[in-house]
There are 2 protein chains.
Amino acid sequence: MNYELLLKQNNLKITPQRLGILQLMHEAGHISIEELFASIKKQFSSISLATLYKNINAMLETSLIKEVKAPEVKARYEISKTPHAHLVCHVCGEFKDIHFDVVHVAHTIADTSGYTINDTSLIVSGTCPKCQ
Amino acid sequence: MNYELLLKQNNLKITPQRLGILQLMHEAGHISIEELFASIKKQFSSISLATLYKNINAMLETSLIKEVKAPEVKARYEISKTPHAHLVCHVCGEFKDIHFDVVHVAHTIADTSGYTINDTSLIVSGTCPKCQ
DNA sequence: GTATTTGCAAATGATTTGCAGTGCT
DNA sequence: AGCACTGCAAATCATTTGCAAATAC
């Protein structure tokens, strides 16, 4: 994945910290602020939590990344992809992407409401096979 | 709605504060902590934010109420009902219940995954007719 | 009467802001 | 060169905890 291009396309300057954040996010798939901070400190030992938050917020504003808010657990961040659903194990905490047509479901839901749809969040929580 | 019965069924003691919280939550449909605190202070001027949090947490633990975490906005709380979806207007902030079979969707999603499903959150964000 | 809840104050945790210095283009 | 980004410290905002007094059952 070309992180430099991703940043450029979103009018964000390329910095080593940002590249590191995107790389870790991509590897993890879904990652929380704490996990990200702990991991990135291995590369940039003096990185500050303020910088991490500023960058996360900048990337959220341009929709380069997306915040996934599941019930009961802390938010995770992922690089934006085509709309999909999530499956979360509340025992081990694993997040899994599910390729499912959420846009179609959203339209069914908003059908008679007159709403203009922007975003759909579909998260199923449960226990994964390993944790049962 | 019988709030005393609701509390009893969940093994929670009946207090005026709890009855007030449930009443406001029921009237509002979906309410944030700040809104709830501002409203309940009109009835119990000396209620503390700590009490509010303790009660919200107690009711969440028994599942008497549910936390709705939508993208971009602060969490809202609702009295637990049959599973349903939510439609949120990101302009005026209004939350709307949509009676939609989320359990069926959840099963479709978790179908081949081997997950045991506990909970499903389906939230569609957009602009409501009034705000367009 | 006993256990739980309340309200207060203080503690903790999470996130944001201001600013001086540095780095990107 | 000029503007954006970084890192630090401090500020702010959100939530939790400990404890004494009050209340539920």
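Here the structure is a predicted model, which means the values were calculated and not measured.
- One N or O donor and one acceptor, one from the side chain of A:K54 and one from the base of C:dG18, sit under 3.5 Å apart.
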Salt bridge (charged side-chain N to carboxylate O under 4.0 Å, His left out) between B:K130 and B:E94, intermediate numbers included: CA-CA 11 Å; B:K130 281 176 259 161; B:E94 187 192 60; 3.7 Å; yes
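- Distances shorter than 4.0 Å separate some side-chain N or O of A:Q17 from OP1 or OP2 on D:dG7.
- Look at A:N55 and you'll find a side-chain N or O under 4.0 angstrom from OP1 or OP2 of D:dT6.
- Within the nucleic acid shown, B:K74 comes within 4.0 Å of sugar-phosphate atoms alone, with no base atom in reach, counting heavy atoms only.
- For the pair A:E61 CD and D:dA4 P, the computed distance is 14 Å after rounding to whole Å.
- Results of the side chain to side chain donor-acceptor pair (under 3.5 Å) test with B:H30 over B:K66, B:K96, B:E35, B:E78 single out B:E78 as the only residue that passes.
- As judged by a 4.0 angstrom heavy-atom cut-off over every strand, B:S46 is placed among residues touching the sugar-phosphate backbone only.
- Inspection of the A:Q17 and A:T51 side chains reveals no N or O donor paired with an N or O acceptor under 3.5 Å.
- In this structure, B:H99 and B:H84 have tilted ring planes: the angle between them lies in the 30° to 60° band.
- Atoms CE (A:M59) and C1' (D:dA4) sit 14 Å apart, rounded to a whole Å.
- Atom CZ in A:R18 sits roughly 14 Å away from atom C1' in D:dG7 (whole-Å rounding).
- The side chain of B:S48 places no N or O atom within less than 4.0 Å of a non-bridging phosphate oxygen (OP1 or OP2) of C:dT6.
- Rounded to whole angstrom, the span from the CZ atom of A:F37 across to the C1' atom of D:dT6 amounts to 13 Å.
- Distances shown here put a side-chain N or O of B:N57 below 4.0 Å from the OP1 or OP2 atom of D:dT16.
- B:Y53 places its OH atom 16 Å from the P atom of C:dC8, with the value rounded to the nearest Å.
- B:T15 comes within 4.0 angstrom of the backbone, heavy atoms only, and of no base.
- Rounded to an integer number of Å, the gap from B:L60 CG to D:dT16 C1' is 15 Å.
- With 3.5 Å as the limit, one finds no donor-acceptor pair spanning the side chains of A:S125 and A:E72.
- A:I47 comes within contact range of the sugar-phosphate backbone alone, with a heavy-atom separation under 4.0 Å but no base atom that close.
- Nearer to the 5' terminus of DNA chain D, by closest-nucleotide assignment, is the contact made by A:A50 (compared with the other of A:A50 and B:I14).
- Atom C1' of nucleotide D:dT6 and atom CZ of A:F44 are separated by 11 Å, given to the nearest angstrom.
- The NZ-P distance, from B:K41 to C:dC8, rounds to 11 Å in whole Å.
- Comparing C:dT25, D:dT15, C:dG7 against the side chain of A:K13 picks out C:dT25 as the nearest.
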